[in-house]
Amino acid sequence: MYDNKITSIHLDVLKEIGNIGAAHAATALSTLLNKKIDMKVPKVEMVSFDDMMDLAGGPERVVAGIYLRIEGDVTGSMFFVLPVEQANRFIRRLIQDEGFDFQTGEVSEIGVSAMQELGNILSGSYLSALSDFTSLKIYPTVPALSVDMVGAIISFGLVELSHVSDYVIVIDTAINEKDVRNVESVKGHFFLLPDPESFEAIFKALGVS
């Protein structure tokens, strides 16, 4: 397995790619929201599946999770996980509806579409930056949105991978509205799970294999 060969240099490179992706995503979100948005990647790390659950708040924490497959020269899975309270806050501001709540029985289609669009922008920006750096063809599938407990959402994408790998790349993400004080950042986690053979393809293309 490639997991054991991941070094701090690999993670530094992934963080740099993450920050470039975040800058692209911030530009797209600023256009979407008509507000100045700033995004940062505070940290990139390699964690076990168990630690992955803990980072997202524990297996029983309810989150809004966006899942997609990665296809092309690199294959794998990608999740963006956001605590449901933060997802509600973000979508309320986006669609100008203070009553929106993912945990009510009836969720407006416009709110769901807005969350999927957020997933599209974020995942597309990160994967585009990774593709630019590696010159590899990388395509995201259409994101699927689920509001459920962390354990239920993440285990969906881990069934096959857990047989061949034990680790996940975590890209922390913080979204802020510029020039607005006393507003908490929207903080989520990207979980990048390349299929085992894709680890080597990524880092070989980056020249840090």
Side-chain angles (χ1 to χ4, degrees), residues 18 21-41 52-53 55-71 76-129 138-159 161 168 170-178 180 183-193:
H24 293 323
T27 301
L29 284 174
S30 295
T31 302
L32 184 68
L33 294 167
N34 198 25
K35 296 174 181 176
K36 291 182 179 179
I37 300 296
D38 183 47
M39 284 183 63
K40 291 283 188 291
V41 174
M52 175 185 178
M53 297 277 192
L55 278 173
E60 296 184 357
R61 177 77 182 269
V62 176
V63 296
I66 292 169
Y67 169 77
L68 57 93
R69 281 289 296 171
I70 302 165
E71 297 178 347
S77 300
M78 193 175 209
F79 293 89
F80 179 62
V81 175
L82 197 62
V84 72
E85 305 85 4
Q86 295 202 29
N88 282 337
R89 185 157 51 84
F90 187 85
I91 298 304
R92 284 169 189 159
R93 286 162 60 195
L94 182 56
I95 67 174
Q96 302 294 306
D97 179 3
E98 287 301 316
F100 179 85
D101 190 340
F102 275 114
Q103 292 183 281
T104 57
E106 294 183 5
V107 178
S108 69
E109 286 188 19
I110 190 171
V112 171
S113 295
M115 191 69 198
Q116 287 176 317
E117 182 60 19
L118 174 64
N120 264 326
I121 288 171
L122 294 177
S123 59
S125 296
Y126 283 123
L127 293 178
S128 176
I138 304 172
Y139 311 104
T141 61
V142 176
L145 171 66
S146 180
V147 178
D148 205 337
M149 291 187 293
V150 169
I153 290 176
I154 290 178
S155 60
F156 171 72
L158 296 184
V159 175
L161 190 67
V168 179
V170 183
I171 304 167
D172 287 348
T173 305
I175 307 171
N176 294 287
E177 191 174 331
K178 280 185 178 179
V180 177
V183 175
E184 185 185 352
S185 299
V186 174
K187 295 177 182 174
H189 299 286
F190 262 110
F191 297 122
L192 179 60
L193 297 80

(Q) One thing to verify: whether D38 and K40 come together as a salt bridge, which I'm taking to mean a side-chain N less than 4.0 angstrom from a carboxylate O. (A) yes
Q) Any salt bridge between E98 and R93, counting N to O under 4.0 Å? A) no
Would you check if [X] and [Y] make a side-chain contact, meaning some heavy-atom pair closer than 4.5 Å?
| X | Y | value |
| --- | --- | --- |
| F79 | I153 | yes |
| I37 | N176 | no |
| V147 | V84 | yes |
| F102 | V63 | no |
| R92 | D97 | no |

What are the two closest heavy atoms between [X] and [Y], and how far apart are they?
| X | Y | result |
| --- | --- | --- |
| I121 | A28 | CG2-CB, 3.7 Å |
| K187 | Q86 | N-OE1, 2.6 Å |
| A87 | A64 | CB-CB, 3.7 Å |
| I95 | G111 | CD1-CA, 4.1 Å |
| A22 | V41 | CB-CG2, 4.1 Å |
| G119 | P143 | C-CG, 4.4 Å |

[atom1] of [X] to [atom2] of [Y]: how many Å apart, nearest 0.5 Å?
| X | Y | atom1 | atom2 | result |
| --- | --- | --- | --- | --- |
| E71 | Y139 | CD | OH | 10.0 Å |
| I91 | Q96 | CD1 | CD | 12.0 Å |
| M39 | T27 | CE | OG1 | 10.5 Å |
| N34 | L29 | CG | CG | 12.5 Å |
| D101 | E85 | CG | CD | 9.5 Å |
| M53 | M149 | CE | CE | 10.5 Å |

Q: Identify, with sequence neighbours excluded, every residue that meets ring-ring contact (aromatic ring centres under 6.0 Å, His included) alongside H24.
A: none
Quick one: does any side-chain atom of [X] pair with a main-chain N or O of [Y] as donor and acceptor, under 3.5 Å?
| X | Y | answer |
| --- | --- | --- |
| S146 | G65 | no |
| R61 | P83 | no |
| T141 | L68 | no |

Q. Of the options L122, L193, I70, which is the one that meets M78 in a side-chain contact (heavy atoms from CB on, under 4.5 Å)?
A. I70
Q. How would you list all residue pairs meeting side chain to side chain donor-acceptor pair (under 3.5 Å) that involve residues 114-127, not counting sequence neighbours?
A. Y126-T173
Q: Start with the C-alpha gap between L118 and F90, add the side-chain angles, then the distance that decides, and say whether side chain to side chain contact (heavy atoms under 4.5 Å, CB included) holds.
A: CA-CA 10 Å; L118 174 64; F90 187 85; 3.8 Å; yes
